[in-house]
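Encoded as structure tokens, the structure appears first; notes follow it.
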Amino acid sequence: MTPARPDARTLIDTFLDPGTWSSWDTPPADPAPPGSDYARELAATRARTGYDESVISGEGLLDGRRVAVVACEFSFLAGSIGVAAAERLTAAIEWATAERLPLLAAPASGGTRMQEGAMAFVQMVKITAAVAAHRAAGLPYVVYLRHPTTGGVFASWGSLGHVTAAEPGALIGFLGPRVFESLHGYPFPEGVQVSENLFAHGLVDAVVSAEDARQVAVRALAVLCAPRRGLEPGPEPGGPIPPIQAWDAIGRSRRDDRPGVRALLKLGAHEVTPLNGTGVGENDPGLILALARFGRAPAIVLGQDRRRQRIDAPLGPAGLRVARRGMRLASELGLPLVTVIDTAGAALSKAAEEGGLAAEIARSVADLVMLDAPTVCLLLGEGAGGAALALLAADRVLCAQHGWLSPLSPEGASALLYRSVDFAPEIAAAQGVISTDLRRDGLVDRIIPESPDAAYEPEAFCRRVSRVLEYEIAGLLAQAPEDRLAARLARYRALGLGFTGGNG
């Protein structure tokens, strides 16, 4: 049996703190000529449903935070959007922008209202413009796609969320399956236009019930709306770094039990909201994208998951496109960006080459070095090749004690130079790839101690990393954006001046 799905008012009651909802709606102007079939249909629908239009709007508190809400009601002419509904939506979005409120949207619609034709159809442009202006103001937009969401609604304000969740089992797609079958004479393939399939293809960030969607929104807004000013960095982190042997550090970085980005988010961060995929039909299990807080400091986190790269596939072009989604979010919302490097190297395959791997590395480097948000890079473990370079160019670069950075793995460099991997230890020592060498050469700003190895103290190590990230983010947020970007560009422009070679 299909579970009952909440109507718009029930959904809002589920989402918001009890008793805090306040409607913004005024009686809609009817576009239907008096006495017409459409006018009679509207009157009958209003009497039957208790709604005066297919959308409602207003505000309330979400975990004590003031938010704006727009929601469709499918029982009202299939949630279709005509001129009156579009005006209500647009006015609500504009008011949310003026009031600088986060906006929660819950579409459930068959799309354009056919009774109003072309004029209703182009209303999607008006709504989209209002959403775009809201986002351009640096305000969060969170979407919960409900059953069903199709047509112009899905192709406009339903697909523009910073964070997008979907109702389990919901029909979500561009062309409604009934229309497709009528036009083509055969049914649309099953399982395509369903929320779980959209998640598998990186088009939505979560598939959750209304109750769980509330918690997703609470956690997301705890990061997206977190204060950026007045963060006290506290005392400067520090700790002695003992002498490090290159081959020993590389071996330790590859341990299966060494904490990676998932452990860092679990043990060192809070208010974590995983995001999923590029939003345009791709994902990569080797690249984690999440919202999180390190202490009081909010961040968008881009992290290479070394274990998933080994189990599923090396990091490919789709992973870098996921990373660039995170960069865009950081830029649009003014949130600090934390990149976590932990990779044995990018994919070497026909699919990666044809998918534009080199171009995606280049675009990632360009986007990151020019980003107008604070950036911190963490070399957590392995840092081999272009996959590492793509996430490196930050305001501040941190390195775990046994982290390293190299144009190729030591084995690859040995094979290139000597046609044998046997010289990998000597190559690693000669190239200056470990944390102390990187700090000496100005590639790394701070080394995070391991006592004596992160694998032996995962929780303490992750908390130590979190404390350093909080300190660095707070310091960057205190700088003027133009000064921060100028310093970043000057840093990378000066790299290598006076360099006389590696350790060999």
Could you report the tightest heavy-atom contact between [X] and [Y], atom names first, then the distance?
| X | Y | result |
| --- | --- | --- |
| W404 | A384 | CH2-CB, 4.0 Å |
| A290 | L265 | CB-CD1, 4.2 Å |
| P298 | V223 | CB-O, 3.7 Å |
| L371 | S331 | CD1-CB, 3.8 Å |
| V143 | P107 | CG1-CD, 4.0 Å |
| E382 | A344 | OE2-CB, 3.8 Å |

Would you check if there is a donor-acceptor pair between the side chains of [Y] and [X] at a distance under 3.5 Å?
| X | Y | value |
| --- | --- | --- |
| E59 | W24 | yes |
| D7 | T10 | yes |
| S253 | H402 | no |
| E167 | S209 | no |

Is the shortest side-chain heavy-atom distance between [X] and [Y] below 4.5 Å?
| X | Y | answer |
| --- | --- | --- |
| E73 | I56 | no |
| S109 | S54 | no |
| V397 | L392 | yes |
| R135 | L139 | no |
| L287 | L315 | yes |
| V433 | L405 | no |
| P374 | I473 | no |
| L221 | P140 | yes |

Can you tell me if [X] uses its side chain to pair, donor with acceptor, with the backbone of [Y] under 3.5 Å?
| X | Y | answer |
| --- | --- | --- |
| S156 | M124 | no |
| R293 | R296 | yes |
| D342 | G383 | no |
| R306 | Q304 | no |
| T149 | R146 | yes |
| T343 | A387 | no |
| H147 | R5 | no |
| D367 | R328 | no |
| Y141 | A105 | no |
| Q193 | L198 | no |

So how far is it from [X] [atom1] to [Y] [atom2], rounded to the nearest 0.5 Å?
| X | Y | atom1 | atom2 | value |
| --- | --- | --- | --- | --- |
| L443 | L438 | CG | CG | 5.5 Å |
| I127 | T90 | CD1 | OG1 | 5.0 Å |
| L160 | H134 | CG | NE2 | 11.5 Å |
| R484 | T375 | CZ | OG1 | 8.0 Å |
| L203 | T164 | CG | OG1 | 9.5 Å |
| L289 | D284 | CG | CG | 12.0 Å |

*Show your working on side chain to side chain contact (heavy atoms under 4.5 Å, CB included) between H162 and E332 and close with a plain yes or no.*
CA-CA 10 Å; H162 292 114; E332 189 168 296; 2.5 Å; yes
*asked:* Applying side chain to side chain donor-acceptor pair (under 3.5 Å), can you list everything that pairs with S364, at least two apart in sequence or on another chain?
replied: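 Applying side chain to side chain donor-acceptor pair (under 3.5 Å) to S364 gives none.
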Can you tell me if [X] has over 12 outside heavy atoms packed within less than 6.0 Å of its [atom1]?
| X | atom1 | answer |
| --- | --- | --- |
| H201 | NE2 | no |
| F180 | CZ | yes |
| W95 | CH2 | no |
| F174 | CZ | no |
| L489 | CG | yes |
| R178 | CZ | no |

NZ/NE/NH1/NH2 to OD/OE distance under 4.0 Å, [X] and [Y]:
| X | Y | answer |
| --- | --- | --- |
| E360 | R363 | yes |
| R252 | E450 | no |
| R321 | E282 | yes |
| E94 | R88 | no |
| E87 | K126 | yes |
| R219 | D205 | no |
| D17 | R214 | yes |
| R491 | D445 | yes |

*Applying side chain to side chain contact (heavy atoms under 4.5 Å, CB included), run through V468 and L398 and close with a yes or a no.*
CA-CA 9 Å; V468 176; L398 317 175; 3.7 Å; yes
_Criterion side chain to side chain contact (heavy atoms under 4.5 Å, CB included) on V70 and V55, from CA distance to verdict_ = CA-CA 7 Å; V70 291; V55 295; over 6 Å; no
*Return each pair, listed once, that meets side chain to side chain donor-acceptor pair (under 3.5 Å) where at least one residue sits in residues 458-483; pairs must be two or more places apart or across chains.*
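Listed once each, the pairs are R396-E472, R446-E472, E457-R464, E459-R463.
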*Which class fits the ring pair Y144 and F15: parallel under 30°, tilted 30 to 60°, perpendicular over 60°?*
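Y144 and F15: tilted rings.
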*Please say which of V301, I341, I448, T339 ends up in a side-chain contact (heavy atoms from CB on, under 4.5 Å) with L378.*
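Among V301, I341, I448, T339, the one meeting side-chain contact (heavy atoms from CB on, under 4.5 Å) with L378 is I448.
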*By salt bridge (Lys or Arg N to Asp or Glu O under 4.0 Å), which residues pair with D305, not counting sequence neighbours?*
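Per chain and number, D305 pairs via salt bridge (Lys or Arg N to Asp or Glu O under 4.0 Å) with R262.
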*Walk me through it: do L477 and R229 pass the test side chain to side chain contact (heavy atoms under 4.5 Å, CB included)?*
CA-CA 7 Å; L477 284 170; R229 299 178 182 272; over 6 Å; no
